[in-house]
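Worksheet for the structure shown next.
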Amino acid sequence: MSGYSEMEKKWQAEWSKNGLDRADRDAGKPKFMIIFAYPGVTGFLHVGHLRGYTCADAIGRYKRMTGYNVMFPVGTHATGNGAISLASRVANKDSDFIDYLIRNGCPEEKLEDLKDPMKAVDFFNTIYVNEYWKRFGFLADWRRFTSSVYADYGKFMQWQFRKLNEQGLLIQKPYFSPACPVHGPVAIDASETDISKGGNAEVQEYTLLKFKRGDEYLVAATLRPETVYGQVCFWVNPDVEYTRIKKGDETWIVSKEAAEKLKLQKDCIKVLSPIPGKEMIGWMCEAPMIHRDVPVLPASFSDPNIGSGLVTSVPSDAPDDWISLEALKKDPGLAERYGVPRSIIDSVIPISIISIEGYGDFPAQDIIKTMGITKPGDPRLDEAKKQVYKDGHHMGRMKDICGPFAGMKVEEAKDKMKQAMIDSGEAETFHDLTEEVVCRCGMPVRVKKVDDQWFIDYGNEELTERTSEHCRSMEIYPPEFNENVHSTLRWFRERACVRQGNWLGTRFPFDEKWIIEAISDSTLYPLYYIVSPYANSGKISPDNMTEEFFDHVVLGKGDVKKVSENTGVSEDLLKEIRDDIRYWYPLDVNLGGKEHMTVHFPVFLFNHRAILPDDMQPGGILVNWYVTGKKNKISKSKGGAQPIPGAIEQFGVDTLRLYYAHVASMFVDVEWSEESVMMYRQRLERIMGAVEELLSSERTGEKGDIDEWLISRFNGHTSTVRSAMEKYDLRQMATAVYFEMLNDIKWYGRRGGNNASTIKEALSIWIRLMTPVTPHVAEEMWSMTGFDSLVSSSLIPDAGPISCSSEYREAFIRDVMSDVAQIKKVTSAEPKKIFLYTTPSWKAKVMRMGLDMAESSTLDIPSLTKKCMADEAMRKNGKAVSEFVKKAVTDLTRSSSVSKKDMAETDEYSLLVSAKDFLREELCADVEIFSADDGNAYDPQNKSKAAVPGRPAIYFE
RNA sequence: GCAGGGGUAGCCAAGCACGGAAAAGGCGCAGGACUUAGGAUCCUGUUCUUAGUGAUACAAGGGUUCAAAUCCCUUCCCCUGCACCA
């Protein structure tokens, strides 16, 4: 195992010494620029992440070996609160987290440093580069490394936003965002990057309905404003304490929890005195829209944490309402406790308002019956509610009772009714989360209104159209994404692009209180890799990188002399950077995981299209799927997967690289398993073993048929590799190189091939084809074979000619062997002697005639039969001929005729005679060969009549 | 809900966008060879049937065609992404 690691280091040092990892402008060479979407700095990476990165390196290496000047830069994305929360967990001595760090090889003395977010970023940057990417043998240009929190990178970002603004793509409007009171807006997503609980929560829009009572309002929250015509009462939880609040000059009653939430979303909210729910029971209040008085009744399901804590009751369409009302009616004792007269409760009668196919007048009643729910509090009520809501929303239609909205579809009525009530002052909107969400810092996350939020306007139709148009000329894989990227682009609306709070990132250039958000600052960055080496080497500093600077080097604006004066960058340097950008850009391939399909890739495309000219638009996108853990996804933050350095030690880098390239198509998820990785390790060892064996053998053989065959096969594989790599299909490429070529080498040896020059030529082809995926092993074998210089800097061979006939002849021999084995198995006999009878010449003749007819597409059974019968000799054999013709014709029409041609032209007899010794050894029996035309052939069972072209008859003794 | 993907031998997985012979390759399993005894290696086999060139298969059911895993329709079942997370 350690042997691998030494070998790996040796070649990595060689590549670096020879400058293979450095990408410099070379006007004499076509360029190729590839990146992978840089990872976020949130902890150690695991073996799954390297799948995509490895593909990028292999593609880059392949391109290099087909004559391109390749730039493959890497960087990291550290924007956000990942590093901050990481640092705070270390500072708080979070023992789980510290264990995780130590387990992944973080030295204890380093922990002190990690309390500083920026140092934590540096720490992981170093690990990504040194422990992962360099050790994986990537030929990345390390001088170009950048990170989204670097000052120079920030300057580029600010320039990008200035350009977006010039295009009129930045807009400002109010926004409702989940936010932590300490950290400001947070992202809610299943991977819980920003938060510690509630990854599945969503922001929901409620309609607040104002029920007038005297000079104050009871405020209910509903998700179904279209049901207001069915309101018959109002629910208050008698065991909850509510509160009056001042909202502008109105007085509202809501739950205390709701009051807190409203403060974040509405202006001028003041909390007044509390009021127990019990006190409100029996009140009458005026329902909005229908302007009828309805009674306030007790309901325990009314939760102060949801919505406003108060609920309007629509029993016809809300299962909870229906069942609570029924319970109330059946239990007069309960009602009397609150002093509500019976007559009031009896007067509350559900009103049918929506017709849904498959339901009666009262959908809520129907679903309760179907599900067998009998009393309030049944946990299935939630499911019942969802079902009725869903059916009502998609299939429902408003009944005549609904005034101006009668006859409308529910979907349509919903918005219209909501808007009507808002316009009349009877309703407002309110946003709430569907479940509890907690920030990484432990504070509850609530929906907060941000008045002056900035957005990038991806809804801009002109931009969407131009971007979509450009995509048509791009190479986008997989094909499914190539097709639906257009609908993804169209689906994009405005996107909030800045945030406030304790975050790492770039200040928004138009208002420094904002920080540019994580996705928006990683859209145009591939371009920055061309500038970054100048900043990294200190030739330019962030101060030099003004709007004018980027306008000039990126867009070619302004006069060099003037720009030089204003920015303090020399004219030569400006020219150099400008030339670099013109040479390298556009980006040829952006490779990223499937999660980027709906977020990163679209904004990457939009921003390029918005800011850069036609000749700087991206050329391709490649999406890779995941390596998953046994049951769930291997998670970056939650660990559980094998650390990368350990995996390298255990399996060797090239094993892993081959595993990623071959284990499955890039466009499916694969489950990580050590067994399958081991399989690839054995495969590599077998290949190295085979090469060593070839090199240590005598190699004194003459050139013969088998040499022609081997080179023909290798030429075929070379062309397979070339066409596979056109589509970046590493898997197909690897199948040819690591499986089929090895099999061919084995067969060559088995057939007695050992010609020195053939072997040298074959190895030269083979090893070069291996280099993109398994470069270390390839270098080792390359030098072992005695070839000069580095294989990594050589060129992939051109595919030479293929010899169909020699390939057919070998396949023929294999078929014969396979038939013999088949018969052996069926008879379970161990023959001492095997007799082979090649086809009678008349059958070959029929075949040839059939082929001719097939070529002029006049082939059918009657005409071929007629043609055969015209032949005097064949007519004697009439019956056999007509039978064979029948078979030959079906055979020829069913398959392509290419191989049949070789079949008809091969002299099977002399071919078998030449392979006689070989067959004797392989079959462990004496072999006698006869032509079926040979009248004197030994053939006691008359087997020879079964012989057909391509398939000799066989007899055992 | 919106958008999209998929169901091929014990397992993984090609092929299907350009319909043309049980369908690559690998793993596993079974025989055999070999032995520096190794997470080996090398042969052979692995739907059924049979001294071989026959039958039947590509989730299920229909259709188009001389011919369908591949095109069309219906049904069933799995999976993925969905905006401040790259």
NA contact type, A:Ser665, heavy-atom cut-off 4.0 Å: base, sugar-phosphate, or nothing? sugar-phosphate
Under 4.0 Å, counting only non-hydrogen atoms across every strand here, what does A:Glu595 touch: a base, just sugar-phosphate, or nothing? base
Describe the nucleic acid contact of A:Tyr955 in one word from base, sugar-phosphate, nothing, applying a heavy-atom distance below 4.0 Å. base
Hunt down the Watson-Crick or G-U wobble partner of B:A30, both distances under 3.5 Å, from any strand shown, or write none. B:U44
Partner of B:C2 by Watson-Crick or G-U wobble geometry, both contacts under 3.5 Å, or none? B:G81
Could you tell me whether A:Arg493 contacts a base, only the sugar-phosphate backbone, or nothing, with contacts defined as non-hydrogen atoms closer than 4.0 Å? base
Could you tell me how far B:A68 sits from B:A22 if I compare only their C1' atoms? Round to whole Å. 15 Å
Which whole number of Å gives the distance between the C1' atom of B:U70 and that of B:A59? 16 Å
If you measure from the C1' atom in B:C71 to the same atom in B:A17, how many Å do you get, rounded? 11 Å
Regarding A:Lys746, tell me which of base, sugar-phosphate or nothing describes its non-hydrogen contacts under 4.0 Å with the strands shown. sugar-phosphate
Does OP1 or OP2 of B:U44 have a side-chain N or O of A:Arg750 closer than 4.0 Å? yes
Is B:A55 in the syn range, within 90° of 0, or in the anti range? anti
Determine the Euclidean distance between corresponding C1' atoms of B:A69 and B:C58; express it in Å to zero decimal places. 5 Å
OP1, OP2 of B:C42 versus side-chain N and O of A:Arg686: anything below 4.0 Å? yes
